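Quick note: residue numbers are just sequence positions, from 1. Here the structure is a predicted model, which means the values were calculated and not measured.
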Amino acid sequence: QVQLVESGGGLVQAGGSLRLSCAASGRTFSSYLMGWFRQASGKEREFVASISWSSGNTYHADSVKGRFTISRDNAKNTVYLQMNSLKPEDTAVYYCAAGTGRVFSVVLTSPAYWGQGTQVTVSS
């Protein structure tokens with residue numbers, strides 16, 4: 001079993017920044033890929049970014065590339081999502097996830113565990 005606890009959401013003006021954190025625990029969490037997804041009101045949940053605990057290799061969705069950065073701190077068992085140049089369309093509930101992807105890929109395509117979600121609201 002893997003437990004994920006997010007923090008760091010809030011209200012920010014367009015152009016501002018936020019950093020989300022996801023603290024992971026459990027016996028085997030380090031064997032999973034870690035990632036962030038988001039779900040805006042009335043829309044499907046979408047992939048944002050993912051990272052490998054071991055290599056630190058990352059992948060970001062085109063919609064956030066150059067603005068968001070996923071990272072991890074192995075000593076703290078924590079994954080971060082630094083969000084810069086935020087836009088109103090980034091408004092969503094952001095979820096941390098642990099799961100797997102295709103062989104030799106760091107794209108998290110099969111989430112197995114989810115955090116509770118944290119709200120990010122970007123005002124115009």
Side-chain angles (χ1 to χ4, degrees):
Q1 193 76 358
V2 175
Q3 294 81 41
L4 305 172
V5 179
E6 301 110 331
S7 60
L11 173 64
V12 65
Q13 288 188 333
S17 298
L18 281 175
R19 189 178 78 160
L20 305 183
S21 300
C22 173
S25 61
R27 291 180 56 189
T28 60
F29 72 89
S30 61
S31 65
Y32 290 97
L33 295 174
M34 297 294 297
W36 291 94
F37 290 73
R38 67 186 181 185
Q39 187 167 18
S41 180
K43 295 187 177 181
E44 293 187 355
R45 193 170 297 188
E46 65 172 355
F47 170 85
V48 175
S50 55
I51 188 168
S52 165
W53 279 114
S54 56
S55 68
N57 290 341
T58 63
Y59 183 86
H60 297 79
D62 288 343
S63 59
V64 304
K65 200 169 291 183
R67 300 188 299 121
F68 292 9
T69 302
I70 189 170
S71 63
R72 94 284 193 225
D73 184 330
N74 289 38
K76 295 182 178 180
N77 297 337
T78 300
V79 174
Y80 303 98
L81 186 68
Q82 177 67 43
M83 304 185 294
N84 299 328
S85 303
L86 282 160
K87 305 175 182 180
E89 51 264 44
D90 295 318
T91 295
V93 177
Y94 283 70
Y95 296 90
C96 179
T100 59
R102 296 175 181 170
V103 177
F104 304 122
S105 170
V106 298
V107 183
L108 202 172
T109 56
S110 300
Y113 301 96
W114 295 96
Q116 80 283 2
T118 184
Q119 177 70 46
V120 171
T121 303
V122 184
S123 63
S124 58

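- Note: the hydrophobic cluster containing Val93 does not contain Met83 (ILVMFWY, side chain heavy atoms under 4.5 Å, direct or indirect links).
- The OG atom of Ser52 lies 10.5 Å from the CD1 atom of Ile70; values are rounded to the nearest 0.5 Å.
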Exercise. Checking side chain to side chain donor-acceptor pair (under 3.5 Å) for the pair Gln3/Ser25: CA distance, chi angles, key distance, verdict?
Worked result: CA-CA 5 Å; Gln3 294 81 41; Ser25 61; 3.2 Å; yes
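- Nearest approach of Pro88 to Ala14, heavy atoms of both residues: CD-CB, 4.1 Å.
- Closest approach of Ala24 to Leu4, counting heavy atoms only: CB-CD2, 3.8 Å.
- Taking CZ of Arg72 as the start and OG1 of Thr78 as the end, the distance is 12.0 Å to the nearest 0.5 Å.
- Atom CD of Gln119 is separated from atom OG1 of Thr91 by 7.0 Å, given to the nearest 0.5 angstrom.
- Criterion: ILVMFWY side-chain heavy atoms under 4.5 Å apart, direct or through other members. Under it, Ile51 and Tyr95 are not part of a common hydrophobic cluster.
- Under the 4.5 Å side-chain criterion, counting only non-hydrogen atoms from C-beta, Glu6 is not in contact with Leu20.
- Side-chain contact check for Leu86 versus Gln13: every heavy-atom pair is 4.5 Å or farther apart.
- In this structure, Val79 is a member of the same hydrophobic cluster as Val120, with clusters built from ILVMFWY side-chain heavy atoms closer than 4.5 Å.
- Counting all heavy atoms, side chain and backbone alike, Lys65 lies closest to His60 at CE-O, 3.2 Å.
- Transitive grouping of hydrophobic side chains (ILVMFWY, heavy atoms separated by less than 4.5 Å) keeps Tyr80 and Val48 in distinct clusters.
- Dense packing is recorded around CD of Gln116, with more than 12 heavy atoms of other residues, nucleotides or ligands lying under 6.0 Å away.
- Under a hydrophobic clustering in which Ile, Leu, Val, Met, Phe, Trp and Tyr are joined whenever their side-chain heavy atoms come within less than 4.5 Å, directly or via other members, Val12 and Phe68 fall into the same cluster.
- No more than 12 heavy-atom neighbours from other residues, nucleotides or ligands sit within 6.0 angstrom of NZ on Lys76.
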Pair up each side-chain donor or acceptor in residues 98-113 with any protein partner under 3.5 Å, not counting sequence neighbours, and list the distances.
unit_1	atom_1	unit_2	atom_2	d
Ser105	OG	Val107	N	3.1

Between side-chain atoms of residues 29-38 and protein atoms elsewhere (two or more places apart, or another chain), which donor-acceptor pairs fall under 3.5 Å?
unit_1	atom_1	unit_2	atom_2	d
Ser31	OG	Thr28	O	2.6
Arg38	NE	Glu46	OE2	2.6
Arg38	NH1	Asp90	OD1	2.9
Arg38	NH1	Tyr94	OH	3.0
Arg38	NH2	Glu46	OE2	3.1

